[in-house]
Amino acid sequence: NSFLCATVIISLFAFIGCEKTDTSPKKIAVFVPGNLAGSPVYEMLAAGATEAVTDYNAAMESKNNSFSPVEITVIEAGTNQAEWSNKLTALCATSEYDVIISSNPSLPDLAAPLTEQFPSQKFILLDGYYPNNSNITTVRYNQREQGFLAGYVAGLVTTASVDEMKYANKELKVALLAAQEYPVMNEIILPSFIEGAKYVNKDIQVEFRVVGNWYDAIKGADLARSLYNSGVDVILPICGGASQGVFAAAKELGFYITWFDDNGFGKAPGYVVSSAGMKQKQMAYEQTYAFLENKTEFGTARTVGIADGYVEFILDDPILLETVPATLLNQMNDIYKAIQSGKIVLNVE
Ligand code: RBF
């Protein structure tokens with residue numbers, strides 16, 4: 001009997017030993033729903049989280065030389081979206097990661113059911129929105145501001161004269177080329193792009209085309225060419241790696257690009273007329289660092305925008321200054337200030 005009792009106690013200790021203790025190193029997984037290459041949102045996510053871990057480790061090691069450094073693993077889930085849920089489930093099932101960090105508006109709906117199956121698994125989801133789940137925190141960007149700014153510049157450029165913008169034609173046509181349709185695209189980004197363009201001139205026509213995936217640059221180029229042939233002179237590509245084809249077509253044919261998510265001026269100098277971005281690297285850094293300091297408020301869903309400094313509109317890039325004349329640049333500055341100061345209010349929901 002006492003033997004049995006001892007075995008039970010030993011196995012109990014062995015079981016407890018498997019649980020994470022405060023001395024075992026923390027582990028973070030960055031789950032990239034797609035590929036890193038060609039997708040600034042994901043590159044910024046991975047870079048910010050990795051940098052936060054490096055800085056946190058350095059800070060802790062300088063205070064305590066027996067500190068076990070935090071480990072971070074970046075996992076690319078690939079472009080087959082049908083596999084994401086299984087891949088995310090497998091990641092949770094390892095129980096290895098104190099937190100899974102990811103980004104895009106479809107992630108909360110994949111993660112939420114997993115918080116029931118794996119009640120100790122935490123998630124930090126950027127570019128997504130999901131309130132009231134105590135295992136999940138989300139931060140999304142005000143993409144109405146972002147889309148409006150892209151549309152506004154597209155409107156300025158398509159209404160410009162050839163003296164101002166050499167590739168601008170007489171037709172008032174601009175386009176958004178998306179990789180796929182999804183609620184944030186259909187309900188926020190596209191409507192606000194249209195809103196921004198029509199703010200310049202109500203007669204501007206906005207075309208919408210869909211590539212069908214986030215990687216096909218050949219198809220991206222084909223769609224851009226046919227848009228150009230139909231009179232479009234400004235395109236906003238939101239299609240990940242497929243945007244490479246849009247840049248190539250712009251250089252080949254001569255039309256303009258309004259860029260989204262990060263600074264795009266260097267991607268095709270002379271063709272990119274604006275960059276309406278999100279400070280995703282900074283956000284990933286801050287959220288990761290806060291998690292390591294046990295400061296994450298799970299259960300919250302935040303929206304951040306221009307006034308908070310997380311939606312940016314780059315107005316001082318030297319390539320931009322060479323691409324657009326002062327008249328347009330002044331209008332870009334004015335609209336940005338109007339949004340920043342609250343004179344123009346662009347709320348989501
Ligand atoms: N953005 C990318 O840059 N690359 C991607 O591979 C990518 N995949 C996405 C998949 C889904 C299901 C959804 C809803 C969005 C995806 N996004 C992707 C878009 C991204 O979250 C964001 O909406 C755009 O980058 C515009 O800011």
Among Y336, Y199, F260, the one residue meeting ring-ring contact (aromatic ring centres under 6.0 Å, His included) with F148: Y199
Between [X] and [Y] (side chain of the first, backbone of the second, donor and acceptor by atom type, cut-off under 3.5 Å), is there such a pair?
X    : Y    : answer
D233 : N169 : yes
T159 : L156 : yes
N333 : L329 : yes
S275 : G264 : yes
K26  : D98  : no
E312 : K279 : no
K173 : G231 : no
T50  : A46  : yes
K198 : I204 : yes
D308 : G305 : yes

Derivation and outcome, side-chain contact (heavy atoms from CB on, under 4.5 Å), residues F123 and L88: CA-CA 11 Å; F123 292 93; L88 197 58; 4.3 Å; yes
List for me each residue that meets side-chain contact (heavy atoms from CB on, under 4.5 Å) alongside [X], sequence neighbours excluded, and say none if there are none.
X    : result
K202 : none
N135 : T115, K122, N133
N330 : none

Cluster check [X], [Y]: I/L/V/M/F/W/Y, side chain < 4.5 angstrom:
X    : Y    : result
L176 : V184 : yes
I75  : I101 : no
L36  : L91  : no
L177 : Y228 : yes
V157 : I238 : yes

Quick check: do [X] and [Y] have side-chain heavy atoms less than 4.5 Å from each other?
X    : Y    : value
S102 : P33  : yes
P108 : T138 : yes
M278 : M283 : no
V246 : F255 : yes
Q117 : L114 : yes
V348 : I188 : yes
M165 : P325 : yes
F313 : S274 : yes

Please find the pair of heavy atoms, one from [X] and one from [Y], that lie closest to each other, and give the distance.
X    : Y    : value
C92  : I100 : SG-CD1, 3.9 Å
E171 : S230 : OE1-O, 3.8 Å
A77  : K87  : O-NZ, 3.1 Å
W84  : G34  : CZ2-N, 3.8 Å

Would you compute the distance between atom [atom1] of [X] and atom [atom2] of [Y] and round it to the nearest 0.5 angstrom?
X    : Y    : atom1 : atom2 : answer
S68  : E61  : OG    : CD    : 9.0 Å
I124 : T288 : CD1   : OG1   : 5.5 Å
N263 : D317 : CG    : CG    : 4.5 Å
R302 : T137 : CZ    : OG1   : 7.5 Å
I136 : Q121 : CD1   : CD    : 10.0 Å
C239 : K219 : SG    : NZ    : 11.0 Å

According to ring pair (Phe, Tyr, Trp, His ring centres under 6.0 Å), who are the partners of [X], at least two apart in sequence or on a separate chain?
X    : answer
Y256 : Y167
Y215 : none
F265 : none
Y42  : none

Pair listing, salt bridge (Lys or Arg N to Asp or Glu O under 4.0 Å) test, anchored in [range], at least two apart:
range            : result
residues 247-259 : R225-E252
residues 330-347 : none
residues 154-167 : none
residues 131-144 : R140-E349, R144-E195

Verify side-chain contact (heavy atoms from CB on, under 4.5 Å) between L149 and V153, making sure each step is shown before the conclusion. CA-CA 6 Å; L149 286 167; V153 178; 5.7 Å; no
Once you measure the plane-to-plane angle for Y56 and Y289, does it fall in the parallel (<30°), tilted (30-60°) or perpendicular (>60°) bin?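 Because their plane-to-plane angle is over 60°, the rings of Y56 and Y289 count as perpendicular.
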Criterion side-chain contact (heavy atoms from CB on, under 4.5 Å) on V311 and I339, from CA distance to verdict: CA-CA 11 Å; V311 168; I339 299 171; over 6 Å; no
Flag if over 12 foreign heavy atoms under 6.0 Å of CG, L321: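 Atom CG in L321 is crowded, with more than 12 foreign heavy atoms closer than 6.0 Å.
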Within the supplied structure, the quantity of interest is the number of heavy atoms (other residues, nucleotides, ligands) at a distance under 6.0 Å from E293 CD; does it exceed 12?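 Enclosed: over 12 neighbouring heavy atoms sit under 6.0 Å from CD of E293.
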[Y] and [X] side chains, donor-acceptor separation under 3.5 Å:
X    : Y    : value
Y182 : N104 : no
Q280 : D262 : no
T303 : N142 : no

Would S226 and D222 count as a side-chain contact (heavy atoms from CB on, under 4.5 Å) here? Give the steps. CA-CA 6 Å; S226 84; D222 283 348; over 6 Å; no
Under the salt bridge (charged side-chain N to carboxylate O under 4.0 Å, His left out) test, which residues partner K281, sequence neighbours left out? E51
